[in-house]
Amino acid sequence: MGIKRNLVVVSIICAAAGPAMAQNWDWSGGRRGQPAIRLIGAGVPALYPELRASNRGRAFVVRNFDRNRDGRIQPVEAREANRAFEILADGRRDRFDWEARDRGTLVVVRDGPGRWDRARMRGYGFRQTPRGATMTLAEEVLFATDSAVLRPGAIAKLEPLADYLRANPGVRVAIDGHTDARGTDAHNNALSLRRADAVRAAFDQMGVTRARFSVQGFGERQPVASNATPQGMRRNRRVEVTLLGRRASEFAG
């Protein structure tokens, strides 16, 4: 038995686990001689190749993660499938033994409902501000210069926070975009707002309700460093996320 990311993987059904504590994966589809399965939907390109490339993998996704049974895989469903498969494969996705799934039932037991990863949240470096616990995401983490399109990999940076927000549905969030002083006021205001809204849209795709967020673009009006140097301008190009009314100390230690 191994422990990964607050999940326990066992090789038999645990009778003591209640419905909220266990997930019985459906491994029955995609076996030899069964019809080929085709995946469609916006989330398909985001699936791990090992899930897309085999009939067993495609069946695993459709049977376990097509939540609304509409036959389409959405981005949030693809991320859930990837996360589960990463844990089940124990980091060896390319050697995953699909046939072994037929010799027993794997159950994933969650370490309690509503859990989130404190260590990964601590990594954001929250600081206390008058409005709550605030974290800063630098431009290079999220966007290319002068762009409001999230970089590949930016979603992964936001996932620990999305986990926390899903586990704490009462927490509301402010997302504020900021730029350096280059460009016109109108351009910087618009860019900072588009960037903040792109971050909110990412959380929406990860299943966090849009109504929980307020979004603002401040352009160059709230610098944290001098715009006279490249280093200062880089610090000013940022998105700040504030968990309203929360204490930064909740995520320390």
To check you understand the geometry: which heavy-atom pair defines the closest contact between [X] and [Y], and what is its length?
X: Ala196; Y: Asp176; result: CB-C, 4.3 Å
X: Thr179; Y: Ser192; result: CG2-CB, 3.9 Å
X: Asp146; Y: Glu139; result: N-OE2, 4.0 Å
X: Gly30; Y: Ala59; result: N-CB, 3.6 Å
X: Leu161; Y: Tyr124; result: N-OH, 3.2 Å
X: Asn168; Y: Arg212; result: O-NH2, 2.7 Å

Cluster overlap [X] with [Y], hydrophobic side-chain contacts below 4.5 Å:
X: Tyr164; Y: Ile175; answer: yes
X: Leu150; Y: Val173; answer: yes
X: Val141; Y: Phe203; answer: yes

Does the [X] side chain pair with the main chain of [Y], one donor and one acceptor, at a distance under 3.5 Å?
X: Arg72; Y: Ala42; answer: no
X: Asn227; Y: Ala181; answer: yes
X: Arg172; Y: Ala211; answer: yes
X: Arg246; Y: Ala133; answer: no

Return yes if a side-chain donor-acceptor contact under 3.5 Å exists between [X] and [Y], otherwise no.
X: Thr136; Y: Arg127; result: yes
X: Asn55; Y: Arg58; result: yes
X: Asn189; Y: Arg221; result: yes

With the side chain counted from C-beta on, respond yes when [X] and [Y] share a heavy-atom pair under 4.5 Å apart, and no when they do not.
X: Val199; Y: Phe143; result: yes
X: Phe65; Y: Ile73; result: no
X: Phe126; Y: Met121; result: yes
X: Arg195; Y: Leu142; result: no
X: Met206; Y: Leu165; result: no
X: Glu220; Y: Asn236; result: no
X: Lys157; Y: Leu137; result: no

Could you grab the distance from atom [atom1] of [X] to atom [atom2] of [Y], nearest 0.5 Å is fine?
X: Asn82; Y: Glu159; atom1: CG; atom2: CD; answer: 9.0 Å
X: Asp180; Y: Arg235; atom1: CG; atom2: CZ; answer: 13.5 Å
X: Arg52; Y: Leu39; atom1: CZ; atom2: CG; answer: 9.5 Å
X: Phe251; Y: Leu243; atom1: CZ; atom2: CG; answer: 5.0 Å
X: Gln231; Y: Thr229; atom1: CD; atom2: OG1; answer: 5.0 Å

Under the ring-ring contact (aromatic ring centres under 6.0 Å, His included) rule, what pairs show up with a residue in residues 168-191, not counting sequence neighbours?
-> His178-Phe218
Is the Phe85 ring parallel, tilted or perpendicular to the Phe60 ring (thresholds 30°, 60°)?
-> tilted
Is there a salt bridge (Lys or Arg N to Asp or Glu O under 4.0 Å) between Arg194 and Asp197 once you walk through the steps?
-> CA-CA 5 Å; Arg194 291 200 311 274; Asp197 200 51; over 6 Å; no
State plainly whether the residues Asp163 and Arg166 are in salt-bridge range, i.e. N to O under 4.0 Å.
-> yes
Over-ring placement of Arg200 relative to Phe213, 6.0 Å and 45° cut-offs |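 No - Arg200 does not lie over the ring of Phe213 by the 6.0 Å and 45° rule.
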Got more than 12 heavy atoms from elsewhere within 6.0 Å of CZ, Arg95?
-> no
